[in-house]
Number of protein chains: 2
Amino acid sequence: MESGANKPAVTLNDVALAAGVSLATASRSLNGSARKVNDTYRLRVVDAAQRLGYIPNLFAQAVAKGATTTVALLVADISDPYFSTIASGVIQAAESAGLVVTIAVTGRNPERELATVRALRGQRPRVMILAGSRMAGSPQEADLRKELSAFEENGGRVAFISQNAAPFATVLLDNRGGARALAESLVELGYRCFAVVAGPPTIVTSQDRLQGFRDGLAAHGLDLAEHHIAHTDFTRDGGYQAATDLLQAGLDDVDLLFAVSDVMAMGAMSALRDAGLEPGRDLGVAGYDDIPTVRDITPSLTTVRIPLEEVGRRALELAFGVAQGQDGAGQGGSSTIPVVTEVVRRDSTPRR
Amino acid sequence: MESGANKPAVTLNDVALAAGVSLATASRSLNGSARKVNDTYRLRVVDAAQRLGYIPNLFAQAVAKGATTTVALLVADISDPYFSTIASGVIQAAESAGLVVTIAVTGRNPERELATVRALRGQRPRVMILAGSRMAGSPQEADLRKELSAFEENGGRVAFISQNAAPFATVLLDNRGGARALAESLVELGYRCFAVVAGPPTIVTSQDRLQGFRDGLAAHGLDLAEHHIAHTDFTRDGGYQAATDLLQAGLDDVDLLFAVSDVMAMGAMSALRDAGLEPGRDLGVAGYDDIPTVRDITPSLTTVRIPLEEVGRRALELAFGVAQGQDGAGQGGSSTIPVVTEVVRRDSTPRR
DNA sequence: TTGAAAGCGCTACCAT
DNA sequence: ATGGTAGCGCTTTCAA
């Protein structure tokens with residue numbers, strides 16, 4: 001019970017000794033693939049391992065085999081339901097494949113993202129999954145690409161969850177299409193004048209959703225006024241802030257507020273309420289993502305559904321699919337899985 | 001660009017060769033601690049490493065040093081905001097300490113939890129943090145203890161986030177006290193007849209909160225009728241189900257519904273609504289945890305606040321604090337950090 | 001089938 | 001200060 005007693009862990013060697021066999025035989029009976037071991041020995045080894053409480057050192061295995069059983073997942077913010085739901089999917093898929101998942105947080109900071117990818121490469125993960133990354137526009141983009149390509153050249157696999165990250169495998173989120181469909185659906189419901197709570201202009205996801213929404217309106221001859229767009233953080237607080245700002249600037253003619261993510265929409269709804277407006281009654285509200293909670297809020301939120309858990313699972317499968325040479329839509333070995341997105345109408349957008 | 005081109009990764013040896021120095025010198029200039037290296041050499045090495053795109057193999061370092069930089073976090077369900085918020089805290093603390101976090105999911109299944117701990121031990125993490133584990137009552141409890149003790153004897157550290165897991169270090173959540181305070185606060189607000197949405201009887205957290213709630217009522221001479229308690233899954237859907245069941249059985253005289261977790265409370269509120277009851281107006285509702293979203297729902301939820309992110313950070317600090325021999329309240333090297341819990345009154349429990 | 005031994009990439013000790 | 005070199009725990013040839 002003393003603090004520093006650190007009895008060293010049981011090694012394979014200990015087991016071999018105890019079982020009276022060679023290291024090699026011990027290895028083969030415990031972790032080896034082919035069953036080339038006499039059952040008598042094998043049993044003795046297994047028994048000794050059990051008795052001694054042997055646990056194979058994964059790292060040592062990794063360096064000996066030159067391959068790990070790790071999947072690295074990069075997310076902007078794990079406490080954001082969007083990412084934690086995706087993470088849940090990745091973990092499910094990984095566990096059923098006997099892989100361990102490491103999660104790192106990038107905070108939507110390209111610099112941090114790059115640094116994290118570098119650090120993670122040291123772990124030699126089998127797969128790196130990047131969610132919520134923006135491959136476009138940042139000065140670090142080229143470096144990121146280079147880093148990831150190098151990773152792939154060393155046998156690693158990368159999968160993006162985003163809009164388009166060619167030449168890397170991607171679970172394709174059609175943000176533009178989804179937002180467009182949403183806009184059209186809202187017009188169909190009778191809404192005519194819109195405001196948007198958007199993320200920072202540097203975030204591609206936000207931009208795509210904004211643009212898609214515009215497209216959808218345009219298809220019906222409707223316009224989105226510049227002063228009806230507010231840009232802030234891609235967070236709940238950002239949503240609150242943006243809605244507050246819009247309100248201040250005047251939202252009298254607006255009949256629907258679209259927030260480019262559900263999390264932002266929730267913040268925005270609180271802002272509306274704090275300003276004395278009732279979402280759904282005084283003003284329609286719509287979001288994007290369909291995170292689990294939005295069906296439980298009041299009014300329940302109209303949004304665009306992304307099957308988040310599935311996206312996580314798919315990302316992992318995709319990475320391995322590519323590894324096995326099975327290519328999808330893309331040319332040249334990189335592939336892509338489109339994900340079905342769908343507008344979910346709820347109480348926050350009653351027919352007008 | 002061929003699929004199988006797998007150019008092997010650059011090793012420290014390659015760098016040493018390129019720089020014209022020995023392996024040892026290369027190691028020292030790149031990852032060594034003391035600055036015992038001539039700047040001329042050091043520069044040449046760093047330069048070569050840079051040029052070749054060398055990235056140290058963490059696993060190899062780990063086996064050579066006999067120590068890793070990994071923290072393992074076990075949670076019941078990462079998509080549950082309770083756990084993802086804790087995870088966020090753990091990750092923050094870990095990153096600032098240069099550690100990598102691995103997350104595994106146990107699904108509140110003791111068997112799975114045990115298996116996961118075993119598997120994780122193979123990673124030789126520095127620390128194992130167990131959140132949402134129930135050390136009590138399961139047949140696997142003894143095995144779990146044994147496994148964790150063995151892990152500690154090999155130099156690992158474990159920290160629990162729960163009620164009480166002696167002899168292991170614990171970030172102590174006073175579920176009973178919190179629930180008791182909540183009950184008293186509700187009585188003070190004028191509520192007199194209560195129903196509870198609880199988790200499975202096997203989950204200690206749920207039991208503690210239930211018992212604490214009872215205690216609080218009892219302190220005011222109030223009673224909790226058995227038929228006003230429903231047990232189900234510790235999830236949103238469980239909450240919905242339980243509330244539905246209670247409603248079916250008759251809730252006419254009840255003026256407040258307490259769900260032992262916020263997530264369950266959200267499900268329960270939806271159930272009430274679907275049954276035509278307006279939470280906060282027809283029936284007070286309270287939860288537990290104070291997950292981020294509950295301030296944004298309508299009515300905002302009265303609950304017991306746990307500083308979730310802080311809890312995650314503290315858990316990691318605690319584990320390391322213990323490692324450094326600084327002991328807290330406990331005797332014999334194990335220690336404990338109590339976390340301040342506080343009742344947050346919101347709109348779901350207007351004064352009666 | 002089994003065992004001896006050569007790595008895997010890196011660190012740390014021991015001389016020089 | 002630097003360079004050999006012996007491990008770290010494990011896998012995997014290669015003989016036997």
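Here is the naming used below: chain letters follow the sequence lines, and residue numbers restart at 1 for every chain.
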key: Toward the 5' end of DNA chain D, by each residue's nearest nucleotide, A:Ser27 or B:Lys65   = B:Lys65
task = Name the residue closer to the 5' end of DNA chain D, choosing between B:Ala26 and A:Thr25 according to the nucleotide with the nearest heavy atom.
result = B:Ala26
Below 4.0 angstrom from OP1 or OP2 of [N], is there any side-chain N or O of [X]?
{"X": "B:Ser22", "N": "D:dG4", "result": "no"}
{"X": "B:Gln61", "N": "C:dC10", "result": "no"}
{"X": "A:Asn31", "N": "D:dT11", "result": "yes"}

Do the charged groups of [X] and [Y] touch, with an N to O distance under 4.0 Å?
{"X": "B:Glu95", "Y": "A:Arg112", "result": "yes"}
{"X": "B:Lys7", "Y": "A:Glu152", "result": "no"}
{"X": "B:Glu317", "Y": "B:Arg313", "result": "no"}

task = Could you work out which one of D:dT11, D:dT2, C:dT2 sits closest to the side chain of B:Tyr41?
result = D:dT2
Nearest to side-chain heavy atoms of B:Thr11, which nucleotide of D:dT2, C:dG9, D:dG3 = C:dG9
Gap separating the CZ atom of A:Phe320 from the CZ atom of A:Arg126, nearest 0.5 angstrom = 4.5 Å
query = Looking at A:Val105, A:Leu120, A:Ile161, A:Ile129, which hits side chain to side chain contact (heavy atoms under 4.5 Å, CB included) with A:Leu74?
reply = A:Leu120
task = Could you check B:Phe59 against B:Ala24 and say which one's nearest nucleotide on DNA chain C is further toward the 5' end?
result = B:Phe59
Rounded to the Å, how far apart are [X] [atom1] and [N] [atom2]?
{"X": "B:Gln123", "N": "D:dC10", "atom1": "CD", "atom2": "P", "result": "15 Å"}
{"X": "A:Tyr54", "N": "D:dC10", "atom1": "OH", "atom2": "C1'", "result": "7 Å"}
{"X": "A:Leu17", "N": "D:dG9", "atom1": "CG", "atom2": "C1'", "result": "14 Å"}
{"X": "B:Leu12", "N": "C:dC10", "atom1": "CG", "atom2": "C1'", "result": "7 Å"}
{"X": "B:Leu23", "N": "D:dG7", "atom1": "CG", "atom2": "P", "result": "17 Å"}
{"X": "A:Asn57", "N": "C:dG9", "atom1": "CG", "atom2": "C1'", "result": "14 Å"}
{"X": "A:Ile55", "N": "D:dG9", "atom1": "CD1", "atom2": "P", "result": "15 Å"}
{"X": "A:Arg28", "N": "D:dC14", "atom1": "CZ", "atom2": "C1'", "result": "11 Å"}

